[in-house]
J.: 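Have a look at this one.
For ligands, and for the atoms within them, numbers begin at 1 and follow the listed sequence. Basis for what follows: all heavy atoms, side chains included, without hydrogens, waters or symmetry-related copies. It should be emphasised that the depicted structure is a prediction, and the values quoted were computed from it without experimental measurement.
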Amino acid sequence: MLGGLQVKRRSEKFPLAKKTNLMVLHLQSLQDLNRAELKDFIARAMELKKERLAGVVHQHLAGKTVGLIFEKPSTRTRVSFESAMYGLGGQVIFLSGRDTQLARSEPLKDMARVMARYVDAMVVRTFGQEVVTELAAYSSVPVINALTDLHHPCQILSDIMTVIEKKGPIEKLKIAWVGDGNNMANSWIQAAGRIGFELILACPEGYDPNPEIMAAAQQEAVKPITLVRSPEEAVAQADVINVDVWASMGQEDEQKERLSIFQSYQVGRELLAKAPAEAIILHCLPAHRGEEITEEVLESDRCVAFDQAENKMHMHKAILERLIGGR
Ligand code: CP
Ligand code: NVA
């Protein structure tokens, strides 16, 4: 059993529903995982990566189906989840939000209960975190958060895997975040609190990460989690520098304003002159070259964005087999 994962007994959630012994494990945010589970997902994803290289064929999710419900665009997350599921012998059904009855206001609680009759897990990309929460509350199959405005937990799991591959145990490293205090930043903060590594975030005033997430993580942290304004301060002595778009999906109308506010947060030659030469650069992609990162840095050997993208598939396999297959 996954101790820290949110576990709901259907019979407790729905006192009037037919009683079953069904245990449902969801991944709504990294807060659903304890330290051992986080580390286990990373270790298993690394193992699955080696097995793929060795040509090992898996079939342990044969006969299982995952439904992907995506209300925002995606390249990496969609394809890596689909590829992960096929790679374990399973099948996927992709639904864009606008093609479902959600677009015509069908209640989420109905969608959750209907989908759970057809699929073995739901992978959801949407705007509000409350959508994921409500689907999970009513679903008798696992609901996996594939990005909301508040969190991007699966991405941070595979990013931590990439960091460990490149730099060794993350507990010994200083991780920097430069730019918007967005969904990615929030999930990094939760990971830092739970796993126990140093995290320093540089965000412009007015673009801080979620204060409740920050406070909760700081409370359980064994290493400092710090918010500063200066990108130079954040990258000094950093082992890893994280960068993401300045305007996330759904913030397109703020793009122009953010371009000028975030200008001094660009990860380029000038900022990297203030960082250790061996610091690596992470970008979850898609990247806006010439905005949050320069072409030169993105294409340099120090940037590991494409290894991050690959690791999403290995991590998604680890998540799917554990939540669906009960590994
Ligand atoms: N990094 C990431 O989530 O990419 P997509 O938006 O392409 O899925
Ligand atoms: N913060 C970005 C991440 C994209 C993968 C967004 O939400 O658009």
J.: Specify whether Trp246 and Phe262 have parallel, tilted or perpendicular ring planes, treating 30° as the upper limit for parallel and 60° as the lower limit for perpendicular.
T.: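 It falls in the parallel class, under 30°.
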J.: Students should be able to answer this: which protein heavy-atom is nearest to atom 4 (O) of ligand 1, and at what distance?
T.: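 Here the closest protein heavy atom is Arg76 NE, 2.9 Å.
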J.: Indicate yes or no: does Glu292 engage Arg258 in a salt bridge with an N to O separation below 4.0 Å.
T.: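 The answer is no: the pair does not qualify as a salt bridge.
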J.: With a cut-off of under 6.0 Å to the ring centre and 45° to the axis, is Arg78 in cation-pi contact with Phe70?
T.: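 The answer is no; the distance or angle limit is not met.
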J.: What residue and heavy atom of the protein are closest to atom 6 (O) of ligand 1, and at what distance?
T.: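 So the nearest neighbour among protein heavy atoms is Arg125 NH1, 2.8 Å.
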J.: Shortest non-hydrogen contact from Ala116 to Met122?
T.: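 Heavy-atom minimum between the residues: N-CE, 4.2 Å.
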J.: Any non-hydrogen atom of Leu285 lying under 4.0 Å from ligand 2?
T.: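 The answer is yes, since Leu285 has a heavy atom less than 4.0 Å from ligand 2.
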J.: Suppose I only count heavy atoms of Gln155 and a 4.0 Å limit; which atoms of ligand 1 are within that range?
T.: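 That gives atoms 1 (N), 2 (C), 3 (O) of ligand 1.
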J.: List ligand 1 atoms under 4.0 Å from Thr75, heavy atoms only on the residue side.
T.: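 Every atom of ligand 1 under 4.0 Å from some heavy atom of Thr75: 5 (P), 7 (O), 8 (O).
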J.: Among Asn183, Asp149, Asn145, find the one that has a side-chain hydrogen bond (donor to acceptor under 3.5 Å, both in side chains) with Gln129.
T.: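 In the set Asn183, Asp149, Asn145, the residue that makes a side-chain hydrogen bond (donor to acceptor under 3.5 Å, both in side chains) with Gln129 is Asn145.
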J.: I'd like to check Cys154 versus Ile144 (side-chain heavy atoms, cut-off strictly below 4.5 Å). Are they in contact?
T.: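 Yes; the side chains approach each other to less than 4.5 Å.
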J.: With a sphere of 6.0 Å drawn around NZ of Lys174, does it hold more than 12 non-hydrogen atoms of other residues, nucleotides or ligands?
T.: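 Yes, enclosed.
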J.: Should you measure from each heavy atom of Cys284, which atoms of ligand 1 turn up under 4.0 Å away?
T.: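 Close to Cys284: 1 (N).
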J.: State the atoms of ligand 1, each with its element, that fall below the 4.0 Å cut-off from a heavy-atom position in Leu285.
T.: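 Within the 4.0 Å cut-off of Leu285, ligand 1 contributes 1 (N), 2 (C), 4 (O).
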J.: Show the atoms of ligand 2 that are less than 4.0 angstrom away from any heavy atom in Asn182.
T.: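 That gives atoms 1 (N) of ligand 2.
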J.: Taking both backbone and side-chain atoms of Lys72, is any N or O found less than 3.5 Å from an N or O belonging to ligand 2?
T.: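 Min N/O separation from ligand 2 is not below 3.5 Å for Lys72.
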J.: Counting only nitrogen or oxygen atoms and a 3.5 angstrom limit, does Asp244 reach ligand 2?
T.: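 Yes - when backbone and side-chain N and O of Asp244 are compared with those of ligand 2, one distance drops under 3.5 Å.
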J.: Which of the numbered atoms in ligand 2 are under 4.0 angstrom from any heavy atom belonging to Asn183?
T.: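 Contacts of ligand 2 toward Asn183, numbered from 1: 1 (N), 2 (C), 6 (C), 7 (O).
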J.: Under 4.0 Å from any heavy atom of Lys312, which atoms of ligand 1 are there?
T.: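 Ligand 1 atoms under the 4.0 Å threshold to Lys312: 1 (N), 2 (C), 3 (O).
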J.: Are Lys172 and Phe197 in a cation-pi setup, meaning NZ or CZ lies under 6.0 angstrom from the ring centre and within 45 degrees of the ring axis?
T.: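 No; the conditions do not both hold, so Lys172 does not lie above the ring face of Phe197.
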J.: For ligand 2, note which part of Asp180 has a heavy atom under 4.0 Å away: side chain, backbone, both or neither.
T.: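 For Asp180, there is no contact with ligand 2 at all, from either part.
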J.: Can you find an N or O of Met249 that's nearer than 3.5 Å to an N or O of ligand 2?
T.: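 By distance alone, the answer is yes.
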J.: Kindly indicate, with the supporting measurements, whether the criterion side chain to side chain donor-acceptor pair (under 3.5 Å) is fulfilled by His316 and Ser80.
T.: CA-CA 7 Å; His316 294 166; Ser80 58; 3.1 Å; yes
